[in-house]
Amino acid sequence: SQQGEEDPQALSIQEGENATMNCSYKTSINNLQWYRQNSGRGLVHLILIRSNEREKHSGRLRVTLDTSKKSSSLLITASRAADTASYFCAPKKGGSYIPTFGRGTSLIVHP
Amino acid sequence: NAGVTQTPKFRVLKTGQSMTLLCAQDMNHEYMYWYRQDPGMGLRLIHYSVGEGTTAKGEVPDGYNVSRLKKQNFLLGLESAAPSQTSVYFCASIADGGKETQYFGPGTRLLVL
């Protein structure tokens with residue numbers, strides 16, 4: 001299975017702090033995506049990083065990918081209360097069209 | 001574009017009743033998916049479709065059937081609902097295999113008594 005496993009399961013921080021969550025996977029991948037899910041809502045795509053990329057930025061988001069360790073990290077800088085959500089990674093093999101998700105990291109940002 | 005929509009938003013069933021959840025997308029996407037999400041379990045893939053007229057089983061297909069008669073619609077059926085099927089159901093779609101971003105619907109909350 002190419003399912004990603006997010007770590008930690010839960011993260012609680014104060015507004016303004018940085019939040020880092022990690023994703024590990026078992027098979028070689030073509031790309032890895034991060035999604036956010038606000039409470040009771042569907043998932044929303046945040047960022048995609050390809051296997052030949054090591055780092056990618058989007059606004060306050062920074063994603064890294066280490067294919068040798070089969071891991072990725074998502075950093076949210078200067079967090080806001082509105083960042084409170086669950087975050088999921090979805091590693092994807094080349095030729096596959098079946099994204100699978102782990103249990104996610106539940107992030108709480110206290111105002 | 002409305003994106004991905006799901007009908008109904010919430011439903012209560014009694015054990016043994018049947019129902020159909022409808023997922024519709026107006027983005028002309030080829031691939032569509034049904035997931036269920038339970039507390040502490042993340043999203044689990046039930047069934048998926050790679051095009052009109054095709055369906056395939058995912059990780060947890062038992063107790064569910066699907067149909068993709070029209071490209072824009074993906075139906076999930078429960079023939080005889082069980083309390084274990086109480087969950088939040090999400091539909092998602094992808095344009096095609098080369099465009100990897102999934103677009104999700106808002107979810108359907110199902111309670112089976």
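To find a chain, count down the sequence lines: A is the first, B the second, and so on, and within it residues start at 1.
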>> If hydrophobic clusters are built from ILVMFWY residues whose side chains come within less than 4.5 Å, do B:Y31 and B:W34 share one?
In response: no
> Looking only at heavy atoms, which of residues 46-71 of chain B get nearer than 4.5 Å to chain A?
Replying inline: B:Y48, B:V50
> Hey, quick one: are B:L21 and B:V88 part of the same hydrophobic cluster, counting side-chain heavy atoms closer than 4.5 Å, chains of contacts allowed?
Replying inline: no
>> As an exercise, state the distance from CD1 of A:I98 to CG of B:L45, rounded to the nearest 0.5 Å.
In response: 6.5 Å
> At their closest point, which heavy atom of A:Y35 faces which heavy atom of B:Q102, and how far apart are they?
Replying inline: OH-N, 2.9 Å
>> Is there a path of hydrophobic side-chain contacts, each under 4.5 Å between heavy atoms of I/L/V/M/F/W/Y residues, joining B:V112 to B:Y35?
In response: no
>> Counting only heavy atoms not in B:E79 (residues, nucleotides, ligands), do more than 12 fall under 6.0 Å from its CD?
In response: no
> Tell me, do A:R41 and B:F90 make a side-chain contact under 4.5 Å, heavy atoms counted?
Replying inline: no
> So with a 6.0 Å cut-off around CZ of A:R60, is the heavy-atom count from everything else above 12?
Replying inline: yes
>> With a 4.5 angstrom heavy-atom cut-off, is it the side chain or the backbone of B:Y103 that approaches chain A, or both, or neither?
In response: neither
>> With clusters defined by side-chain heavy atoms of hydrophobic residues (ILVMFWY) lying less than 4.5 Å apart, directly or transitively, does B:F104 cluster with B:M32?
In response: no
>> As an exercise, state the distance from CD1 of B:I94 to NE2 of A:H45, rounded to the nearest 0.5 Å.
In response: 9.5 Å
> If you count the non-hydrogen atoms of other residues, nucleotides and ligands that lie under 6.0 Å from CD in A:Q9, is the total more than 12?
Replying inline: no
> Do A:L107 and A:L61 sit in the same hydrophobic cluster, where Ile, Leu, Val, Met, Phe, Trp and Tyr count as joined when their side-chain heavy atoms come under 4.5 Å apart?
Replying inline: yes
>> Are B:L43 and A:L43 packed together at the side-chain level, in the sense that at least one heavy-atom pair is separated by less than 4.5 angstrom?
In response: yes
>> Regarding B:Q37 and A:Q37, do their side chains bring together a donor and an acceptor under 3.5 Å, going by distance alone?
In response: yes
>> Is B:R109 close to chain A through its backbone or its side chain, or both, or neither, when contacts mean heavy atoms under 4.5 Å?
In response: side chain
